[in-house]
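Because the structure is predicted, anything quoted here is derived from the model rather than measured. So that the names make sense, note that chain A is the first sequence line, chain B the second, and so on, each numbered from 1.
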Number of protein chains: 2
Amino acid sequence: MATGRTHRPATRSRGIPEATVARLPLYLRALTALSERSVPTVSSEELAAAAGVNSAKLRKDFSYLGSYGTRGVGYDVEYLVYQISRELGLTQDWPVVIVGIGNLGAALANYGGFASRGFRVAALIDADPAMAGKPVAGMPVQHTDDLEKIIDDNGVSIGVIATPAGAAQQVCDRLVAAGVTSILNFAPTVLSVPDGVDVRKVDLSIELQILAFHEQRKAGEESAEAAAVLPPAARAAGEDRKGPDGDVPAVMPA
Amino acid sequence: MATGRTHRPATRSRGIPEATVARLPLYLRALTALSERSVPTVSSEELAAAAGVNSAKLRKDFSYLGSYGTRGVGYDVEYLVYQISRELGLTQDWPVVIVGIGNLGAALANYGGFASRGFRVAALIDADPAMAGKPVAGMPVQHTDDLEKIIDDNGVSIGVIATPAGAAQQVCDRLVAAGVTSILNFAPTVLSVPDGVDVRKVDLSIELQILAFHEQRKAGEESAEAAAVLPPAARAAGEDRKGPDGDVPAVMPA
DNA sequence: GAGTGTGAATAGTTTCACAGCG
DNA sequence: CGCTGTGAAACTATTCACACTC
């Protein structure tokens with residue numbers, strides 16, 4: 001993913017590792033919860049547990065941001081919330097457009113977590129003329145024709161694509177041409193974008209397939225005990241895995 | 001405190017690296033598209049382009065599955081579709097339950113990609129008695145009370161959680177107790193599960209925050225040119241980063 | 001004493017580049 | 001030849017373990 005090439009002077013890169021960036025939101029959420037309970041400080045151990053990582057990783061992650069803790073004590077919750085928010089760019093307002101107001105798009109529009117931290121749904125856009133003007137999540141759906149104007153008027157740099165797969169690339173191209181440089185793609189397609197534009201994807205069926213892979217392994221590996229516990233539907237593909245290549249059951253058409 | 005072990009390091013994944021597993025669904029999708037166009041063979045270069053990765057990575061990935069290509073020619077599309085499907089466990093049927101039929105849960109239930117490959121929505125479950133019996137995506141919603149029975153009757157081993165954050169852990173615990181060993185979590189919470197249970201999460205606001213991080217960097221790094229192109233809303237946080245620790249602007253809302 | 005911050009060790013992933021097969 | 005398959009190199013990420021500070 002992240003197609004964008006970010007040139008870095010190589011010497012003294014003040015770069016935060018991507019893996020760390022991906023965990024900052026997790027820490028932030030845990031910290032916010034602590035903050036709401038008025039907890040003043042946390043240790044790396046406690047916070048790590050709340051965020052579902054181990055403490056060494058968390059400390060290493062924080063070390064990239066700076067020395068924000070106190071030895072022997074831990075981290076000041078409010079201070080860390082601020083520092084991470086700032087690092088993530090959440091101290092500013094990010095107007096976002098959602099394109100494709102079907103079931104999923106509407107669900108996203110209604111999702112509260114959106115507005116929670118720095119993000120604001122600036123517009124809902126759909127290609128269906130029948131949708132135009134209809135209110136979704138208290139906001140009128142606008143027609144795709146006005147996409148460019150909407151992006152421009154609202155200073156949008158982040159777009160969410162929730163269209164059918166077939167329309168995604170086209171919508172993506174228009175968003176990018178209109179100035180959007182970050183895209184969150186819910187459509188099951190690979191988007192191609194020019195350098196400098198970031199794309200992240202969320203794909204239900206990919207996630208399920210990854211789970212299925214591991215699920216299959218579980219069923220296969222612990223034959224005895226697992227078989228007893230395993231639900232009936234799992235009883236099916238009972239064959240040697242990883243067979244030495246050679247012949248294949250004639251399952252393929254063609 | 002359910003300090004339970006979160007996640008399993010995907011330990012002995014039978015040799016195939018986790019990063020590779022995560023890409024197999026991508027290859028499979030690209031291959032399926034080729035298959036539908038009756039393309040008989042592809043080179044690693046072409047397939048890689050279609051899947052949005054580079055060809056060296058793709059070849060390396062496939063090498064973990066076996067030698068399924070032909071030198072000088074490429075890969076047989078149908079054969080690869082079959083091999084990857086089998087590796088992912090998609091040659092069998094995976095009944096899935098969705099718990100939490102709000103906006104998102106309903107959208108997921110309606111999502112076609114579900115049934116496409118090996119997955120079948122076996123039941124929709126919600127805690128709201130008013131929802132019980134109502135049809136969503138042509139299927140009656142069932143009440144949480146019957147969760148265990150539903151899991152058992154249908155031999156479900158994969159559960160999707162689309163409840164509010166507050167209910168997620170509780171639902172998770174019940175799913176696991178009932179025999180579910182893979183969970184796809186859409187609720188913005190860290191779930192803790194016993195060893196042997198896989199959890200994958202999909203989190204809109206985390207993805208947006210990651211995008212915001214990079215977006216902020218873009219705005220900051222190329223000051224001159226970018227500033228001209230950048231939309232107005234991006235004009236905001238302009239301060240020194242990485243200040244030597246000391247004082248903090250009183251920005252936090254308590 | 002408690003707990004951070006971080007070099008060093010380890011593990012995992014991507015990329016290179018080319019030998020070798022069809 | 002063309003293109004796969006793969007060791008080796010390069011890079012990225014995680015974990016260890018302990019010096020250091022409060």
Side-chain angles (χ1 to χ4, degrees), chain A residues 1-3 5-8 10-11 13-24 26-27 31 39-77 79-80 83-84 210 245, chain B residues 5-24 26-27 31 39-77 79-80 83-84 210 242 244-246:
Chain A
M1 62 189 63
T3 325
R5 198 103 214 83
T6 313
H7 292 304
R8 206 167 298 289
T11 20
S13 59
R14 123 146 207 91
I16 300 180
E18 192 54 35
T20 294
V21 172
R23 281 188 295 265
L24 292 181
L26 232 51
Y27 301 144
L31 285 163
V39 176
T41 59
V42 252
S43 66
S44 62
E45 201 69 58
E46 296 165 325
L47 183 53
V53 303
N54 72 49
S55 63
K57 196 185 284 182
L58 177 142
R59 288 201 303 278
K60 183 62 111 181
D61 283 342
F62 285 0
S63 80
Y64 294 116
L65 308 185
S67 285
Y68 294 151
T70 306
R71 291 167 198 239
V73 178
Y75 301 91
D76 182 283
V77 171
Y79 185 61
L80 248 194
Q83 289 298 347
I84 295 179
I210 296 170
D245 55 274
Chain B
R5 299 254 35 95
T6 312
H7 227 58
R8 49 134 47 277
T11 326
R12 47 201 2 266
S13 268
R14 191 48 220 163
I16 301 181
E18 193 54 35
T20 295
V21 172
R23 280 186 296 265
L24 292 181
L26 232 50
Y27 301 144
L31 284 164
V39 176
T41 59
V42 252
S43 67
S44 63
E45 201 68 58
E46 296 165 325
L47 183 52
V53 303
N54 73 48
S55 63
K57 196 184 284 182
L58 177 142
R59 287 200 304 278
K60 183 61 112 182
D61 283 344
F62 285 0
S63 80
Y64 293 116
L65 308 184
S67 285
Y68 294 151
T70 306
R71 292 169 198 239
V73 178
Y75 301 91
D76 181 283
V77 172
Y79 185 61
L80 248 195
Q83 289 299 346
I84 295 180
I210 295 169
K242 189 47 179 189
D245 54 81

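- Under the side-chain contact (heavy atoms from CB on, under 4.5 Å) criterion, A:Pro17 pairs with A:Thr20, A:Tyr64, not counting sequence neighbours.
- Residues that satisfy the side-chain contact (heavy atoms from CB on, under 4.5 Å) test with B:Ala50, not counting sequence neighbours, are B:Ala30.
- Judged by closest nucleotide on DNA chain D, B:Phe62 is the one of A:Val73 and B:Phe62 placed further toward the 5' end.
- Here the side chains of B:Thr70 and B:Thr41 are not in contact, with every heavy-atom distance at 4.5 Å or above.
- With sequence neighbours left out, A:Ser44 forms a side-chain contact (heavy atoms from CB on, under 4.5 Å) with A:Ser55, A:Leu58, A:Arg59, A:Tyr75.
- Summarising the geometry of A:Tyr27 relative to A:Leu47, their closest heavy-atom pair is O-CD1, 4.4 Å, with the distance given to 0.1 Å.
- Nearest heavy atom pair, residue A:Leu24 against residue A:Ile84, reads O-CG2, 3.9 Å.
- Atoms CG (A:Leu47) and C1' (C:dT4) sit 13 Å apart, rounded to a whole Å.
- Contact annotation: B:Asn54 side-chain N/O to C:dT14 OP1/OP2 distance is not under 4.0 Å.
- You can see that DNA chain D meets the heavy atoms of chain B within a 4.0 Å-exclusive cut from D:dG2 to D:dA8, reading 5' to 3'.
- Residue whose closest nucleotide on DNA chain D sits further toward the 5' end, between B:Ser63 and B:Gly72: B:Gly72.
- In this structure, B:Arg59 places its CZ atom 16 Å from P of C:dC21, rounding to the nearest Å.
- A ring-centre distance under 6.0 Å is found for A:Tyr68 and A:Tyr79.
- A close approach under 4.0 Å does not occur between any side-chain nitrogen or oxygen of B:Thr70 and OP1 or OP2 of C:dG22.
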Under 4.0 Å protein heavy-atom contact, by nucleotide of nucleotides 8-13 of chain C - B base, S sugar-phosphate only: B----S
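- B:Ser63 pairs by the side-chain contact (heavy atoms from CB on, under 4.5 Å) definition with B:Lys60, not counting sequence neighbours.
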